[in-house]
Amino acid sequence: GLCNNMLWSMVSNASLRSNRTTMEIDDKEFDIPQVDTPPTLESILNELEDEEEPFVLEDTCVLSTDNMDAHSCETSSLASSDSGDPAHLKRKRKTVDLNTTVHGSVLRHNLLKGISAQIVSAADKVDAGLPTAITVSSVIAVGTSHGLALVFDTNQALRLCLGTKTTGAEFGAVSALSINHDCSRLLCGFANGQITMWDLANGKLLRTITDAHPPGTAILHVKFTDDPTLAVCNDSGGSVFELAFRRMMGMRSCDSRCLFSGSKGEVCCIEPLRAPPDFRDHPITHHSLLAMASLTKILVIGLKPSLKVWMTFPYNKSDPSSVPQLAWHFVPVQKTVNPVLAFCKGDIVHFLLVKKEESGAIHVIKQRQLHLSCDIISLSWINSSTLVLVDSREKLLVVDRPSQEVLETLDLEQVQLVYNSRHFKSLATGGNVSQALALVGEKACYQSVSSYAGQIVYLGTKSAHIMTLRNWRERIDCLLKQDHFVEALSLSWSFHEGTAKAVVGLFGDTVKRKGVISDKMVEILCKFAEYALKKCPEQGKIQVMEQHFQDVVPVLVDYCLLLQRADLLFNQLYDRLVENMVAKGVFLEALESYIVVDRLGHLTTPIMRDLLAHYHDNGMMDSLERCIVHLDVTSLDIQQVVQVCWENQLYDAMIYIFNSGINDYLTPMEKLFAVIGPPLREGRSLTDEEVVIGNKLLVYISCCLAGRAYPLGDIPEDLVVQVKNQVFEFLIRLHSADLSEEEEVFPFIRTLLHFDTREFLNVLAMTFEDFKNDKQALEYQQRIVDILLQVMVDNPDFIPSQVGGLFTFLARQLAKPDNTLFVNRNLFDQVLEFLCCPDDDSRHTERQQVLLELLQVGTVVQFNEGRLLALAEKAKFYQICEFLYEKQHLYDRIIDCYLRDPLRKVEIFSFIHNLLSMPGYSPEEKQTVKDKVLQHIQVRAYIHMLHQIVELIHTNYSPLLLVFLTTLSLYLRECHQLRTFLPLERDLHELLLDLLCRYAPQQLLSFLQASQHYRLEEAIQTTEKYHHSEATAYLLEKKGDIDGAFSVLLETLRLLTAGRQSKAEVAGEKQDEGKIQRDSTLTKVKDSLSDIINLCNRSSHNLFQQQREALWFPLLETMMDSQKRVNKHDAKHTSEVLKELTMKVLNCMSSFISLPAIIQRILQDPVYGTGKLAELQGLILGMMDSFNYEQILLETTTNLLNHDLHWSLAHLRAAVTRGLHPRQDYCNICLQQYKRRQDSVEEIIVFICGHLYHVQCLQQKDSGCGISLAAHQQWNCFKCSSSHGGRGGPSIEPNRECSTSLAQTHVRSIHRDFREEAHKKKMFVETTMDLQQEQSWDQLRSLYRGPSRLSILSDLSLCHSSEKSGLLFPTQPGNETFQLKLSPPPLLEE
């Protein structure tokens, strides 16, 4: 019965708005006949064939739902906290977190047992096939794979079976279904492309449409519009057609019109806007809107009055296999109801609000998107704010659109959802669809989901399921059935406050709704208390029982207070909990957290009595005190509470009771003085507890004097003045009530001074701040000051620091502009002496500040300023010194004050800036300050404040800036030389670069060349900012940007040449001034041109020919262009200079650019190209002269070098080929013939001196350093170099090698026998010179030395240049140290 009532409640508007309660299921509602004598399968089949009448299934076999609850599938939201987790009960909860979101079970999931059973029965008994499509209206229609449509009524009884197996075999499976709004017609689309229309009243076939769309494509969608004569269909070719039904003369017809061709993009989903009964008259329904989703975009079109496209919207990037979804719903927005289209493809749901303007146009407004983390395959509205989605994992999501919160997640895996893949692939017609559409069809389930009037039906392979929103009571009851009382209360409170989502069943105004929900919450609270007592562990540890109730009691208290039902809390609930002692204790302790935050301010007498007893018995006195000071006094037994407080030293609570209960502010003060007074009079040190009491007393006095209640709140306004006067009178009492013989006068003030002098004086100072135009209060002030002086001055009981505190206090009071205190002159001298005491370092700043305040109000004008200055300097009161120096106009000495004061050292620049920039100071005073600054400027001390220093100096005193720049530069250089690490070294160098750009540009380039501690990019930006082109070009060249550097310098040159003409014109008739400006500008042009030429010379060696031309030709064109603008004022001189500079450019570029290219570029220039030959003659002749000169110079140089090389090689050859004649034919060591045996081959060495040796003999004599000949050992003649009568010894000049002279080249002679001659084997005989011969050779060689060849060439160049006029400059300057490198002498073989 519940399933049926739920399913068909959408038919009646009254039932939609009724608040249904749970009812028992009655199987008779299904109206299923008895199954005692079921018909046979043969009889049913024969009946169908003979009569061709729709059949009615009579056998309703019960469907096995595989673990599904036959009544209702209870679900719990994933968002609900702790559902299904019993461990959450073990958590300790002191208060309830109202921010926790609990939704409970939002959806009711029911199995339609009757329909499910008959679907299975039809498949088994009449071969109806598996279900393929479903649609719901006032009836439910289910299509099958064998072409049948089963129509069920409100009792889930089968009313009609439309179609036959014969037509099913011809048309194929039912692929789409649609029922019109009055439930009188059913449209069926088939896999083979046919469409049929049925009369649901009698089951007659009204139309069979076979030509509405191209053949060979399946019907994917067929849907009625609000107009019963108009429908739309979508086929597997991606096209959309309009079907217009006609009936004339009893003949039914159908006209088809193509709305969208699949060739423009395949449409896979269509959704006409169908208004519910309440909105049938909505103005937008007259347009018959239709939404279409292709694979790339969404379209919204209007079918009436004429076809029109109102909107197109492309998708975001998504998975190609994602299924487009469309869903319409009428949504209230800003007091109007308009349709909203929800669509998605992938994981983002878009919303479009469609509204009709007064002009008749339709306006589409984009709404906020909904982002999910899943691939959506189904999208349906269940009400105006809630959507139900299914993702590709068959998880059902309930989403609240306004908050975009997922309320619940269900698993639809057991439903076994039917997919429409076969129809999207058009398998019945040969599969002639695109791959893109087939890919989308893998997850398409359009015909398996149908929504109507707040209910959604899902079609499974063997069952049908329905989803509806639970009403609010049902959602709460679902949680209560699972004993989730905390979650049930949280959900109920969200209903109460209007924050719950997807609420159903709450009607009436706000007060009525809250009343209904409050009654339900009271019921839950009572059940929760009973449940807690029932489930309490009877045995076990006391901690377990406490934990059990700590999870329950705070919840009960919290919701009772939220509902403002303290009576429920203190009567029914407490009366039940008090039966359990543990529950009672937890309850009383739980009250504290609500009392201290003022949520609970009044307790009943029994509970207050139990609270005192429980806290006292358990030693929870601090908690008791916190509770008392927040409770209403009227609920307390004052006598009992005061007694408990005094016995347990709960002074805060005692003060609160006296103040609030009986308006007595002095008794608590007397009791506190009674505690700390005696030990202080006796000179004993106070205990920690007594110190706490003393501090409480000071705070209490401060509150009373300030009009505030202790420990919280405010004193009633009508008692503020009275309480203040009472406290003053109490403090200045001469004696206490219990006067003793030892008691001194003014005991209360003495006690407070002895306890904490400074804090007591601070209390008085704060109190005196409020005394304005109050005569009585001022009298109390004077009286207290007199008492303080009487008690403390010249009293040995007080130490100097305490007396100093008093003097500081007095000085502050006297320094007030509206001061009315009177102090004795001698006493004031003592105050001044104390403030300036140099021996006391304590509170130095405070004492200085107090004295400064005194000076500023003029109280000490009558004192000797010299003496005061001496005292201030001795006490290091630099602010006092500044004040006095300023009065004397000694501003330079103020700088010393700032330099000596470590706390104000950084403020010196602000002082200097103000003094130098503000009026009112004479030039002499400013000059003294400037001189003082120059004496004390130190970069080291202010390295972190360079920016402030620079701005200060630049603003006021430019010469000082130059001094500072020099100092900073030297300091950085010193740090670099000493390799000292600076914390901000890079920043300092960049700052100095900025300063040089602004104030010393002449030093900029040298700094850039010397420093390496700046960032290149930042340095370039800085130089460009201040327009220093030369420095910018240097940095760009250093960076490697040759083109950029050239462009910067060239632009500067252009500006100079352009400015030369303008300045000359401005000079006009002023000849002298014009000449000076002209010469200055020409000098700048020369310097700029020199910089560019140097850059081009440096860079051209590493550039290609094209890159060189890109540098030199713009420079040449600039110089030639400058000659055009020569005016009559300076024509002659300027023209000569510019021609000279142009020739310089030509001369330099000719080393890198070919001459024909230069001439061609010159001829292309308009100045020369259109003129006469005479204009070019000078320029070209100059270039030709330069060419001839360089050619002669090159030939001369080549000849000279060739002559030198020939001379060197000839003498070298003569030296190495000269024959040597031995003096004897025997070895000078062994004295044997050089050829000892006729048949032996023996190597000999002949020296230039004529001595002959066997190699073996030399090796033996020189074995200490002998090396094999293969290693080219350099030998010395043994006889000539010996210093011991012919014995071998070391060489006289061991460091002098034979290779130092051309004459010492070693020649190896040979002795050949006939075998060696046959093989032409070459052997060398090495010769050397002795020391005397080497000296002779050096003298001979010096005779051949003449002037340097390069010197000769330079002289020729100079002589040649002096004879020519207008010749080019030499391309390379002469360099005497330049040496020509000749090739080494060749190795000669004989």
Side-chain angles (χ1 to χ4, degrees), residues 132-133 135 143 145 147 149 163 167-180 185-198 205-225 227-246 252-272 288 290-297 299 301-304 307 309 324 326 420-438 440-441 444 446-447:
T132 57
T135 186
S145 59
T167 57
E170 178 184 355
F171 295 167
V174 175
S175 58
L177 293 171
S178 179
I179 301 174
N180 63 357
R185 298 288 187 268
L186 173 68
L187 280 176
C188 297
F190 292 91
N192 289 340
Q194 295 84 355
I195 300 173
T196 60
M197 178 185 286
W198 301 86
L205 177 64
L206 302 180
R207 290 181 177 85
T208 299
I209 306 168
T210 58
D211 56 354
H213 64 101
T217 55
I219 296 295
L220 301 182
H221 303 275
V222 59
K223 295 181 182 287
F224 274 110
T225 65
D227 184 351
T229 65
L230 201 62
V232 289
C233 70
N234 174 208
D235 63 13
S236 58
S239 299
V240 181
F241 296 87
E242 177 189 74
L243 305 178
F245 304 117
R246 303 285 186 269
R252 302 179 189 271
S253 63
C254 177
D255 298 331
S256 175
R257 177 173 63 157
C258 181
L259 301 178
F260 189 89
S261 174
S263 61
K264 299 180 181 179
E266 294 153 311
V267 172
C268 53
C269 180
I270 59 174
E271 193 66 40
S288 291
L290 173 66
M292 301 184 295
S294 71
L295 298 179
T296 58
K297 59 186 176 182
L299 294 93
I301 66 174
L303 303 179
K304 294 180 180 180
L307 185 63
V309 178
L326 296 168
N420 313 131
S421 306
R422 293 179 58 85
H423 311 316
F424 271 78
K425 297 178 181 179
S426 196
L427 298 180
T429 59
N432 52 341
V433 299
S434 68
Q435 293 183 354
L437 191 64
V440 170
Y446 294 110
Q447 305 304 323

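Since the structure is predicted, the reported quantities are computational estimates derived from the model, not experimental observations. Just so you know, residue 1 is the first one in the sequence shown, and it goes up from there.
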For this session: Quick one: list whatever passes side-chain hydrogen bond (donor to acceptor under 3.5 Å, both in side chains) with R252, sequence neighbours left out.
Result: none

Exercise. With sequence neighbours left out, what residues match F224 under ring-ring contact (aromatic ring centres under 6.0 Å, His included)?
Worked result: none

Problem set entry | Those residues that, when tested against R207, pass salt bridge (charged side-chain N to carboxylate O under 4.0 Å, His left out) (two or more places apart) | none

For this session: Tell me, please, which residues at least two apart from F190 pass ring-ring contact (aromatic ring centres under 6.0 Å, His included).
Result: F171

Problem set entry | For N432, side-chain contact (heavy atoms from CB on, under 4.5 Å) partners two or more places apart | S426, T429

Exercise. Applying salt bridge (Lys or Arg N to Asp or Glu O under 4.0 Å), which residue pairs with at least one partner in residues 420-436 are found, sequence neighbours left out?
Worked result: K425-E442

Problem set entry | Partners passing side-chain contact (heavy atoms from CB on, under 4.5 Å) against A169 (at least two apart in sequence or in another chain) | none

Exercise. Taking side chain as C-beta onward, heavy atoms only, is L243 less than 4.5 Å from V232?
Worked result: no

Problem set entry | side-chain contact (heavy atoms from CB on, under 4.5 Å) involving S253 - partner list, sequence neighbours excluded | R246

Problem set entry | With sequence neighbours excluded, residues passing side-chain hydrogen bond (donor to acceptor under 3.5 Å, both in side chains) with T196 | W198

For this session: Could you list the residues that satisfy side-chain contact (heavy atoms from CB on, under 4.5 Å) with S175, not counting sequence neighbours?
Result: I219, H423

For this session: Can you sort out the partners of E266 under salt bridge (charged side-chain N to carboxylate O under 4.0 Å, His left out), two or more places apart, ordered by chain and number?
Result: none

For this session: Check the side chains of H221 and Q447 for a donor-acceptor pair under 3.5 angstrom, ignoring hydrogens and angles.
Result: yes

Problem set entry | For K304, salt bridge (charged side-chain N to carboxylate O under 4.0 Å, His left out) partners two or more places apart | D227

